[in-house]
Amino acid sequence: MGDEVPGVATRDGAAGPRSLFDKLWAAHVVREETADTPAVLYIDLHLVHEVTSPQGFDMLRERGLSVRRPDRTLATLDHSTPTTPPGPDGERAYYTPQAKAQVQTLERNCDEFGIRLEGWGSDYRGVVHVMGPELGATQPGMTVVCGDSHTSTHGAFGALAFGIGTTEVGYVLATQCLPQRKPKSMRVVVNGRLGPGVAAKDLALHIIRTIGVNGGTGYAIEYAGEAIRALDMEGRMTVCNMTIEAGARAGMVAPDQVTVEYLRGRELAPSGDAFDDAAANWLALATEDGASFDREIHVDAADVAPTLTWGTDPGMSVRLGEAVPEGDTPGRRRALDYMGVTGGQPLDGHAVDVVFVGSCTNGRLSDLRAAADILRGHRVSAGTRMLVVPGSESVKRAAEAEGLDRVFLEAGAEWREPGCSMCLAMNGDLVPAGKTAVSTSNRNFEGRQGTGARTMLASPATAAACAIAGRVVDPRAEAAREVA
Amino acid sequence: MDAFTRLTGPALVLPQKNIDTDQIIPARFLTATSFDGLADGAFADWRFDANGDEKPGCVLNEPRAQTSPILVAGRNFGCGSSREHAPRALLAYGFRVVISSEIADIFRNNSQNVGLLPIVLPEDQHARLLEMDGGDLTIDLENTVVIDADNNKYTFDIDGFARYCLLNGMDRLDFLLAESARIEAYEAQHER
């Protein structure tokens with residue numbers, strides 16, 4: 001140890017300056033990795049939902065195992081759930097009997113294995129990545145996993161959070177651990193401030209376009225810089241959520257006072273003196289000056305503008321007003337053809353059939369406020385259907401308390417029950433084939449929102465502006481029209 | 001899961017880049033509570049029209065597709081969601097190996113966990129396989145090499161532990177359960 005040179009970065013050594021990711025990793029190693037075996041990594045919080053867990057619980061039963069730490073496991077219902085209220089008979093309109101059976105299976109599994117379930121009737125049920133932070137279950141310094149790729153969302157708190165498959169769900173249920181190789185590290189530094197009318201979602205899309213949909217493969221990403229520090233927790237969650245769309249399993253932001261104040265008073269966060277002690281530990285997680293990264297990217301926030309995807313992966317995006325690329329590669333030709341978009345022209349003016357505001361990316365209160373601020377006093381275009389789906393029961397309650405539901409309903413939008421809904425369209429909330437949807441969700445893959453559906457990803461403000469116009473418009477132009 | 005050691009057979013080529021897990025198996029096939037019957041969901045929207053009829057011109061509907069145990073796919077295969085249904089649907093359809101120049105992290109993990117061998121080759125070698133026209137490939141996991149019909153050999157890297165598990169058809173649960181004492185010690189030491 002005595003020969004370490006101060007200030008020289010070592011990736012894994014304790015002596016050099018360490019990154020947030022290095023600290024998170026080191027603090028959870030139960031057994032170090034070797035050439036022959038991966039590390040055994042301890043998992044602090046395991047989030048569970050109905051779609052990717054049933055076979056994991058079956059694995060326990062087949063092997064005669066119990067859930068090692070039900071107190072570190074938290075479940076909810078979100079993907080297969082209807083977003084219409086129950087009928088007068090209390091029956092919920094599941095899309096298929098199988099969807100209902102899947103929900104009931106999770107209810108039974110949670111009962112059998114003693115896991116807390118925020119299910120029907122809970123004040124907190126919601127999209128798993130909205131619910132965890134709201135409850136204060138997600139905390140800085142934790143490792144968080146879930147059978148869902150958007151688990152990267154929780155990295156906004158300075159946690160190491162990533163999506164896993166169902167076999168791994170079974171492993172975590174049984175052992176609270178995962179075999180893991182340490183990924184490489186990347187830092188994305190966003191300098192400057194986002195301009196007025198530019199949202200965290202626009203920044204996320206800009207970053208994905210910059211590094212590519214596979215640019216993050218093999219890496220864990222830390223987001224840093226003035227523009228990231230200036231985001232509130234919900235904006236940071238939006239950026240970290242979209243990390244997987246750049247290929248990286250985990251995205252994270254160092255905890256700061258914004259993080260601490262968000263968590264203060266949350267149900268599952270520490271309270272009293274314990275909170276102050278915890279907060280001091282959280283703030284000490286920040287990346288130290290001189291820590292090294294395998295790759296570093298610099299982004300200028302001034303380059304970010306309201307952005308919309310034109311193609312069939314989240315990297316195929318343009319700023320509003322910017323021309324869509326020509327079909328100069330097979331991939332681009334296929335995407336333009338699928339989307340019904342003309343290369344060489346801006347998207348502005350393109351007809352919009354459906355607008356979806358919601359999801360683990362943009363289904364939180366600030367997102368609904370941003371959409372409502374644009375919609376207030378306007379009507380959704382006659383030919384356009386707009387669906388607003390709050391991310392959780394808590395979001396729904398808070399939005400209704402400040403009258404956002406009235407804004408949406410008076411504009412002619414639908415105000416739904418919480419869930420994943422039209423983001424992946426497995427609950428029956430579908431975009432019809434050939435129709436174009438502007439969505440605040442995270443994936444514009446072919447068929448993502450329904451077979452043949454055409455998805456353009458955007459921020460809540462852009463989505464709301466498009467709903468009013470019935471075509472693609474810049475939300476800043478909409479705001480300008482208001483002033484005029 | 002089934003062990004994988006060595007295999008020789010025809011390869012099916014899907015040259016598209018960024019084939020995501022929603023293409024491999026659309027979300028509407030995810031409401032089951034078991035992993036049975038996933039073969040019908042494999043590339044369902046590529047193979048079938050709205051009436052459930054086979055789409056003409058889709059290579060996945062050609063007879064050779066059903067008998068090809070090897071899929072050679074464009075760069076960044078398996079991006080998108082964490083659904084383990086994706087590699088399982090490919091297995092159910094009949095694939096045992098996926099070769100690309102880049103395979104998404106979660107999909108690769110899931111594949112290794114369920115017995116689908118993910119192989120990443122350098123761009124130039126991958127490009128040659130994308131252009132191959134018929135002929136068998138041999139996949140030798142023991143020696144981590146792909147051999148084409150002209151006896152060209154392409155050595156690939158794979159994590160040693162993943163290779164060991166695939167060769168022995170061993171899942172990782174026993175590995176983790178063997179660490180119980182260390183896990184208990186960790187929980188005590190770190191107040192977990």
Side-chain angles (χ1 to χ4, degrees), chain A residues 27 30-31 35-38 40 42 44 51-52 54-55 58-59 63 68 72 79-80 96 98-99 101-102 105 147-149 151 163-168 170-171 174-179 181 183 213-214 217-218 244 247-249 313 330-331 334 424-426 433 443 445-448 451-452, chain B residues 1 15-18 20-23 26-35 44-46 49-50 74-76 79-88 102-111 113-114 159-162 164-165 171-173 175-177 179-180 182-183 185-187 190 192:
Chain A
V30 171
R31 179 182 156 167
D36 293 332
T37 53
V40 174
Y42 194 81
D44 292 320
V51 178
T52 56
Q55 303 89 342
D58 285 344
M59 184 193 300
R63 300 285 295 258
R68 181 180 178 88
R72 294 192 168 275
H79 284 65
S80 295
T96 60
Q98 214 174 31
Q102 191 174 56
T105 299
D148 190 286
S149 62
T151 306
I164 57 176
T166 297
T167 297
E168 293 172 312
Y171 294 168
T175 69
Q176 206 59 31
C177 288
L178 279 176
R181 292 282 180 192
V213 290
N214 56 344
T217 303
I244 184 65
R249 283 196 303 164
D313 73 50
R334 179 179 169 129
L424 81 169
M426 65 179 290
R443 289 190 173 131
F445 299 149
E446 288 181 21
R448 170 77 177 182
T451 305
Chain B
M1 74 186 192
Q16 290 90 344
K17 293 177 183 171
N18 305 321
D20 59 76
T21 52
D22 278 86
Q23 308 313 306
R28 63 181 180 276
F29 292 96
L30 309 186
T31 48
T33 53
S34 84
F35 284 128
D45 288 342
W46 291 24
D49 65 18
R75 182 175 171 188
N76 194 29
C79 57
S81 94
S82 62
R83 61 190 69 164
E84 192 173 293
H85 308 69
R88 287 187 184 272
E102 188 165 49
I103 294 180
D105 290 338
I106 303 178
F107 178 86
R108 189 197 58 228
N109 273 352
N110 287 342
S111 296
N113 280 328
V114 304
D159 176 69
F161 187 68
Y164 178 83
C165 290
D171 74 25
R172 286 139 172 87
L173 186 55
F175 169 75
L176 289 170
L177 290 170
E179 297 298 324
S180 293
R182 276 201 183 88
I183 298 169
Y186 176 92
E187 286 176 325
H190 293 81
R192 292 302 201 279

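We name chains A, B, ... by the order of the sequence lines, and we start the count at 1 in each one.
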Colleague: Please flag which part of A/P38 lies under 4.5 Å from any non-hydrogen atom of chain B: side chain, backbone, both or neither.
Modeller: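 Answer is both: backbone and side chain atoms of A/P38 are under 4.5 Å from chain B.
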
Colleague: For B/E179 and A/T175, does a side-chain donor sit closer than 3.5 Å to a side-chain acceptor?
Modeller: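 Not at all, the side chains of B/E179 and A/T175 share no donor-acceptor pair under 3.5 Å.
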
Colleague: So does A/R72 pair up with B/E187, basic N to acidic O under 4.0 Å?
Modeller: no

Colleague: Can you tell me which portion of A/A433 sits under 4.5 Å from chain B's heavy atoms? Options are side chain, backbone, both or neither.
Modeller: neither

Colleague: Would you please name every residue forming a side chain to side chain contact (heavy atoms under 4.5 Å, CB included) with A/T52, sequence neighbours left out?
Modeller: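 A/T52: side chain to side chain contact (heavy atoms under 4.5 Å, CB included) contacts with A/H49, A/T166.
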
Colleague: What closest approach, in Å, do B/Q23 and A/F445 show between heavy atoms, and which atom pair accounts for it?
Modeller: NE2-CB, 3.9 Å

Colleague: Top residue by heavy-atom pair count (under 4.5 Å) with chain B, among A/S80, A/G163, A/P179, A/A99?
Modeller: A/P179

Colleague: Does the pair B/D22/A/R443 count as a salt bridge with the N-to-O cut at 4.0 Å?
Modeller: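 A salt bridge is absent here (no side-chain N lies under 4.0 Å from a carboxylate O).
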
Colleague: Pick one of side chain, backbone, both or neither for B/F161, based on which atoms fall under 4.5 Å of a heavy atom in chain A.
Modeller: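 B/F161 touches chain A through backbone and side-chain heavy atoms alike.
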
Colleague: Could you give me the CA-CA distance, side-chain angles and deciding distance for B/R28 and A/T96, then say whether side-chain hydrogen bond (donor to acceptor under 3.5 Å, both in side chains) is met?
Modeller: CA-CA 10 Å; B/R28 63 181 180 276; A/T96 60; over 6 Å; no

Colleague: Does any heavy atom of chain B fall under 4.5 Å from the side chain of A/D313, the backbone, both, or neither of them?
Modeller: side chain

Colleague: Checking A/T167 against B/V114 for the side-chain contact (heavy atoms from CB on, under 4.5 Å) test, could you report, in this order, the C-alpha distance in whole Å, the side-chain angles of both residues, the deciding distance, and whether it holds?
Modeller: CA-CA 8 Å; A/T167 297; B/V114 304; 4.1 Å; yes

Colleague: Using a cut-off of under 4.5 Å on heavy-atom pairs, state which of A/M426, A/H79, A/Q98 scores highest against chain B.
Modeller: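 Result: the option with the highest number of such pairs is A/Q98.
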
Colleague: To check you understand the geometry: which heavy-atom pair defines the closest contact between B/E84 and A/E168, and what is its length?
Modeller: OE1-N, 4.3 Å

Colleague: So which part of B/R108 gets closer than 4.5 Å to some heavy atom of chain A, the side chain, the backbone, both or neither?
Modeller: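 B/R108 has no heavy atom closer than 4.5 Å to chain A.
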
Colleague: Report the C-alpha distance between B/R182 and A/V40 in whole Å, list the side-chain angles of each, state the deciding distance to 0.1 Å, and finish with yes or no for side-chain contact (heavy atoms from CB on, under 4.5 Å).
Modeller: CA-CA 10 Å; B/R182 276 201 183 88; A/V40 174; over 6 Å; no

Colleague: Measuring heavy-atom distances to chain A, does B/F175 have an atom under 4.5 Å in its side chain, in its backbone, in both, or in neither?
Modeller: side chain

Colleague: What pair of heavy atoms forms the shortest contact from B/S82 to A/G147, and how long is it?
Modeller: OG-C, 3.5 Å

Colleague: Return the minimal non-hydrogen interatomic distance between A/N214 and B/E102, and the atom names on each side.
Modeller: ND2-OE1, 2.6 Å

Colleague: What residue in B/N110, B/I106, B/D105 has the most heavy-atom pairs under 4.5 Å with chain A?
Modeller: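 Greatest number of close heavy-atom pairs with chain A: B/D105.
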
Colleague: Top residue by heavy-atom pair count (under 4.5 Å) with chain B, among A/A35, A/A101, A/G218?
Modeller: A/G218

Colleague: Can you see which heavy atom on B/T33 is nearest to which on A/P54, and at what distance?
Modeller: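 Heavy-atom minimum between the residues: O-CB, 3.7 Å.
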
Colleague: Pick one of side chain, backbone, both or neither for A/T105, based on which atoms fall under 4.5 Å of a heavy atom in chain B.
Modeller: side chain

Colleague: Please name the pair of heavy atoms, one in A/Q102 and one in B/L30, separated by the smallest distance, quoted to 0.1 Å.
Modeller: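 Scanning both residues, the minimum pair turns out to be NE2-O, 2.9 Å.
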
Colleague: With side-chain contact (heavy atoms from CB on, under 4.5 Å) as the criterion, how do B/D45 and A/E446 come out once you've worked through the C-alpha distance, each side chain's angles and the decisive distance to 0.1 Å?
Modeller: CA-CA 9 Å; B/D45 288 342; A/E446 288 181 21; over 6 Å; no

Colleague: Heavy-atom cut-off 4.5 Å, strictly under: side chain, backbone, both or neither for A/I164 against chain B?
Modeller: backbone

Colleague: Which residue out of B/R75, B/K17, B/R83 racks up the most heavy-atom pairs below 4.5 Å with chain A?
Modeller: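 That would be B/R75.
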
Colleague: Using the test side chain to side chain contact (heavy atoms under 4.5 Å, CB included), find all partners of A/R63 that sit at least two apart in sequence or belong to another chain.
Modeller: A/L65, B/D171, B/L173, B/D174, B/L177

Colleague: Pair A/Q176, B/Y186 - check side-chain contact (heavy atoms from CB on, under 4.5 Å), show working.
Modeller: CA-CA 11 Å; A/Q176 206 59 31; B/Y186 176 92; over 6 Å; no

